[in-house]
Amino acid sequence: MAAGAAVSPATSAADLFAEHRPLLFSVAYEILGSVADAEDVLQESYLRWRDVDLGSVENPRAYLARIVTRQALNALRTASRRREEYVGPWLPEPLAAPSGDGPAEHVLTGEAVTTAMLLVLESLTPTERAVFVLREVFDFGYPEIAAAVGKSEATVRQTAHRARGHVRARRPREVVDPVAAQGVAERFVLAAATGDVQALMDVLAPDVVYLGDGGGVVSAARRPVQGADRVARFVAGLFRKSATMGELGLRFAVYNGMPAMVVTFDGVVDQVTCIEVGGAEVTGVYSVRNPDKLHRVIG
C-alpha cells in the first residue's frame, strides 16, 4: 500500500498493523534501544490502533508511526529515569540481523542501528531523539513528525536542526559493512582467544574503547576501557578467566549492524560482543552480559 493511500474497506486493522510492523518495531527500537521495550510499545500501540476508525485514516503508515512514537516517548521517559541508576555502562539490547527466512523482523540497516550510534542518541532529549529518528532514519515529513511528537512544525524543524548538529558532533567514524568487517573481527577474536596481546594491539585502533554491560547483575567493567594497550590486556585477561567458567562456545553472527561474537558456557549464552570496525581496525568493542538483555539470543 502506498504511503499516502487511503485504507481499503476490505483491509482490517490487524492486516495494516502486520504490514507496517517491521517499520513500527524499528521506530520503537531506535527510540528506546531495547527489544523488550519496543515489543511492549507495539502491543500497546496495536490496542490503540484497533479502536481507530479506519475510514478516517488517510495515511496508515504515518498514523501508526504517530501512535508508536507517542508510546515510545512515554516508555523512554520512564526508561531514562531507570538508566540514571544503572550500574556501569548501559548498552542497547542486541538486535539481530533479519533472518531472511520469513517476514522481516525490522527494517534497520547500516549506521543507524550500530551500538555507537544508539549511544549517541542516548545523549539527546526524548523529543530530540524521536524527531531525529523519524526524520534522519525513516525520512518522515515535518508535518508527520509534528503530529507524532505533539509540537508545531516550526518547533520540529528547529529540534531536527539541533539534534542533527548534536549527532554530527558526536557521530562515530564511518563503520565498515559487517560483511567487509568480518575478517578484522575474526583476527580480533583469534588473538583474544589465544591471549596474544601483540596481535590484539595490531588489530586495535589507538583510541579503541571497550564497554561492558552487566547491569549490576553479572560482573563487567564498571567504566570504559580505552586505548589499544589497555583494551588488549583487558580482553586477553577476560579470555584467560573464561577457562574456569565451563565449556566455551563461540559463534559469529551480526548484531546491531556489526560482526558479533555470541559466547556461551556449557551451552548457556553468556554475552553478545559487537565488534565495531573502522577501516582495517577495531574501533569499539561492546559486550552485553546483562542476562535481562540476552533472552532472545540463540547460543
Side-chain angles (χ1 to χ4, degrees), residues 17 20-49 60-84 86 90-96 98 104-151 155-168 170-172 213 255-257 274 286 288 292-293 296:
F17 198 89
H20 294 287
R21 193 182 192 286
L23 168 68
L24 301 177
F25 173 86
S26 299
V27 169
Y29 178 81
E30 280 286 296
I31 293 174
L32 293 162
S34 166
V35 174
D37 289 348
E39 292 287 1
D40 289 345
V41 161
L42 259 62
Q43 290 182 26
E44 179 63 29
S45 297
Y46 176 70
L47 295 177
R48 293 172 183 271
W49 168 247
R61 177 178 182 268
Y63 199 105
L64 282 163
R66 182 171 72 192
I67 295 175
V68 167
T69 298
R70 289 181 177 179
Q71 296 307 307
L73 280 172
N74 290 338
L76 180 59
R77 292 182 179 109
T78 300
S80 295
R81 291 191 287 272
R82 292 199 308 267
R83 290 173 195 174
E84 290 175 0
Y86 201 81
W90 177 93
L91 292 174
E93 186 175 346
L95 181 65
E105 297 93 343
H106 59 82
V107 298
L108 287 167
T109 59
E111 180 188 30
V113 74
T114 62
T115 301
M117 177 56 75
L118 289 168
L119 290 176
V120 171
L121 297 185
E122 282 289 304
S123 64
L124 301 176
T125 68
T127 299
E128 286 173 344
R129 183 166 183 166
V131 169
F132 181 87
V133 166
L134 291 174
R135 181 63 182 171
E136 301 300 320
V137 180
F138 299 105
D139 199 29
F140 280 90
Y142 288 113
E144 296 169 330
I145 300 171
V149 299
K151 305 288 184 182
T155 298
V156 164
R157 288 180 181 273
Q158 293 174 351
T159 302
H161 177 76
R162 185 169 61 248
R164 259 194 313 271
H166 186 99
V167 170
R168 189 178 299 118
R170 294 162 176 79
R171 176 176 255 137
D213 178 349
Y255 279 86
N256 292 92
C274 291
Y286 306 101
V288 176
D292 292 339
K293 298 182 179 183
R296 295 166 180 78

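The structure presented is a predicted model; accordingly, all values stated were derived computationally and were not measured.
Using a 4.5 Å heavy-atom threshold, the side chains of R77 and N74 count as touching. A 4.5 Å side-chain heavy-atom check between W90 and E84 finds every atom pair outside the cut-off. For the pair Y286 and D213, the minimum side-chain heavy-atom distance is 4.5 Å or more. Within the 4.5 Å cutoff, the side chain of D139 has no heavy atoms near those of the L134 side chain. Using a 4.5 Å cut-off on side-chain heavy atoms (C-beta onward), S123 and V167 make no contact. Contact check for Y255 versus V288: no side-chain heavy atoms found under the 4.5 Å cut-off. Side-chain contact between R48 and R70 is absent, with no heavy atoms from C-beta onward closer than 4.5 Å.
A cation-pi arrangement is not found for R66 relative to F140, the charged atom failing to lie both closer than 6.0 Å to the ring centre and inside a 45° cone about the ring normal. The side-chain tip of R135 points at the ring of Y142 from less than 6.0 angstrom away and within 45° of straight on.
For the atom pair CH2 of W49 and CG of L24, the computed distance is 9.5 Å after rounding to the nearest 0.5 Å. To the nearest 0.5 angstrom, R61 atom CZ is 6.5 Å from E144 atom CD. With rounding to the nearest 0.5 Å, the separation of CZ in R21 from CG in L64 is 12.0 Å. How far CD of Q71 is from CD of E44: 5.0 Å, rounded to the nearest 0.5 Å. Note that the CG atom of L76 and the CZ atom of R82 stand 10.0 Å from one another [nearest 0.5 Å].
No side-chain donor from either of H161 and R157 sits under 3.5 Å from a side-chain acceptor of the other.
Salt-bridge check for R83 with E122: passed, with a basic side-chain N closer than 4.0 Å to an acidic carboxylate O.
Proximity of a side-chain donor or acceptor of T155 to a complementary backbone N or O of K151 within less than 3.5 Å is not detected.
With F132 as the partner, the side-chain contact (heavy atoms from CB on, under 4.5 Å) test is satisfied by one option alone out of L124, I145, T127: L124. The only member of H166, R164, R162 that meets side-chain hydrogen bond (donor to acceptor under 3.5 Å, both in side chains) when paired with E128 is R162.
Of all non-hydrogen atoms in V113 and L118, the two that sit nearest each other are O-CD1, 3.6 Å. The minimum heavy-atom distance linking P92 with L119 is given by the pair CD-CD2, 4.2 Å. Taking all atoms of both residues into account, the shortest heavy-atom contact from L108 to L95 is CD1-CD2, 4.0 Å. Of all non-hydrogen atoms in E105 and P98, the two that sit nearest each other are OE1-CA, 3.1 Å. Scanning both residues, V156 and A146, for their nearest heavy atoms gives CG2-CA, 3.6 Å.
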task: Kindly indicate, with the supporting measurements, whether the criterion side chain to side chain contact (heavy atoms under 4.5 Å, CB included) is fulfilled by F17 and L42.
output: CA-CA 9 Å; F17 198 89; L42 259 62; 4.2 Å; yes
Ignoring hydrogens and angles, write down the donor-acceptor pairs under 3.5 Å from the side chains of residues 26-35, residues two or more places apart or on other chains.
| from | atom 1 | to | atom 2 | distance (Å) |
| --- | --- | --- | --- | --- |
| S26 | OG | P22 | O | 2.8 |
| S26 | OG | V107 | N | 2.9 |
| Y29 | OH | E93 | O | 2.7 |
| Y29 | OH | N256 | ND2 | 2.9 |
| S34 | OG | A36 | N | 3.4 |
| S34 | OG | D37 | N | 3.0 |
| S34 | OG | E93 | OE1 | 3.3 |

